[in-house]
Amino acid sequence: MLDSVSHNAYLPNTMICEPLMSWSEFFGTMEENYNPFDHQIDNDKACLRKGSIKSQEFQSHNRTSLQSSHLWEFVRDLLLSPEENCGILEWEDRDQGIFRVIKSDALAKMWGQRKKNDRMTYEKLSRALRYYYKTGILERVDRRLVYKFGKNAHGWQDSKL
DNA sequence: CCTCACTTTCCTGCTT
DNA sequence: AAAGCAGGAAAGTGAG
């Protein structure tokens, strides 16, 4: 697993933005019969292409890698990297760790990319998020698409490492 | 091979 | 009516 990480470090800069050309095709064929709103698709596709597993260790903050194996870390890192985020997630209250999912489908798709699972949906992703309430990684917020980091989540406060 | 934590999948019912 | 939310149940997965 260290291989795949260090592997990217050796790539020339020109490769960084398009490490996985197959995915754009993958989504091109996949979303055709999935979403009727074409302009939205184009947006998300561009976003997903851009936000795929690129640019890790050379980023300003190291932990912002989108490489994390756990869902909450993936979400946290997405929140912390506006470049990849593309308006998928947004802070609602930065200090309290409250955030909102703006594009639920895009988020699911992106998580699916990370896990190489093209059947991921927001419905299923959100089930996984709900399990985090138990463990204190997330706290419940009674607003649609709004979540809050809990006591046992770390690394989301920008100031402290 | 087994166990454990985490995640995925599916489902029923409820809320916005 | 569509999209989210709540969790239970059960299967899948990867690490150790």
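Note on naming: letters A, B, ... go to the chains in the order of the sequence lines (proteins, then strands), and numbering restarts at 1 for each one.
Closest-nucleotide positions on DNA chain B for A:H70 and A:E123 were compared, and the one nearer the 5' end corresponds to A:H70.
Comparing C:dA6, C:dG4, B:dT7 against the side chain of A:R144 picks out C:dG4 as the nearest. Out of B:dT9, C:dG7, C:dC5, the shortest distance to the side chain of A:R140 is found at C:dG7.
Salt-bridge formation is detected for the pair A:E92/A:R143: a Lys NZ or Arg NE/NH1/NH2 atom is positioned less than 4.0 Å from an Asp or Glu carboxylate oxygen.
Ring-plane geometry between A:F149 and A:W156 is classed as parallel, the angle between the planes falling under 30 degrees on a 0 to 90 degree scale with a further cut at 60.
Regarding contacts with the backbone of C:dC5, a side-chain N or O of A:Y147 is found under 4.0 angstrom from either OP1 or OP2. Between A:N117 and C:dT13 there is no side-chain polar atom (N or O) within less than 4.0 angstrom of OP1 or OP2. Applying the 4.0 Å criterion to OP1 and OP2 of B:dT9, one finds that A:K124 has a side-chain N or O inside that range. Phosphate contact (OP1/OP2 of B:dC6, side-chain N/O of A:S69, threshold under 4.0 Å): absent. OP1 and OP2 of C:dG4 both lie 4.0 Å or more from every side-chain N or O belonging to A:R143. Phosphate proximity of B:dT8 to A:K115: present, with a side-chain N or O under 4.0 Å from OP1 or OP2. The side chain of A:Y132 contributes no N or O atom lying less than 4.0 Å from OP1 or OP2 of B:dC6.
For A:Y147 and A:Y132, the ring centers sit 6.0 Å or farther from each other.
Heavy atoms of A:L125 sit nowhere under 4.0 angstrom from any nucleic acid atom. Using a 4.0 Å heavy-atom cutoff across all strands shown, A:Y131 reaches at least one base atom of the nucleic acid. If you check every strand for non-hydrogen atoms under 4.0 Å, A:W111 touches sugar and phosphate atoms only.
Between the P atom of C:dG4 and the CZ atom of A:R100 lies a distance of 13 Å, rounded to the nearest Å. Atom P of nucleotide C:dC5 and atom OH of A:Y133 are separated by 7 Å, given to the nearest angstrom.
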Inset, instruction - Apply the test salt bridge (charged side-chain N to carboxylate O under 4.0 Å, His left out) to residues A:E139 and A:K148: give CA-CA distance (whole Å), side-chain angles for both, the deciding distance (0.1 Å), then the verdict. - result: CA-CA 5 Å; A:E139 286 173 24; A:K148 178 185 194 303; 3.6 Å; yes

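When all heavy atoms are compared, the tightest approach of A:A108 to A:Y122 is CB-N, 3.3 Å.
Using the Watson-Crick or G-U wobble rule with both distances under 3.5 Å, B:dA5 pairs with C:dT13.
Taking only distance into account, the side chain of A:R127 never meets the base of C:dG4 through a donor-acceptor pair shorter than 3.5 Å.
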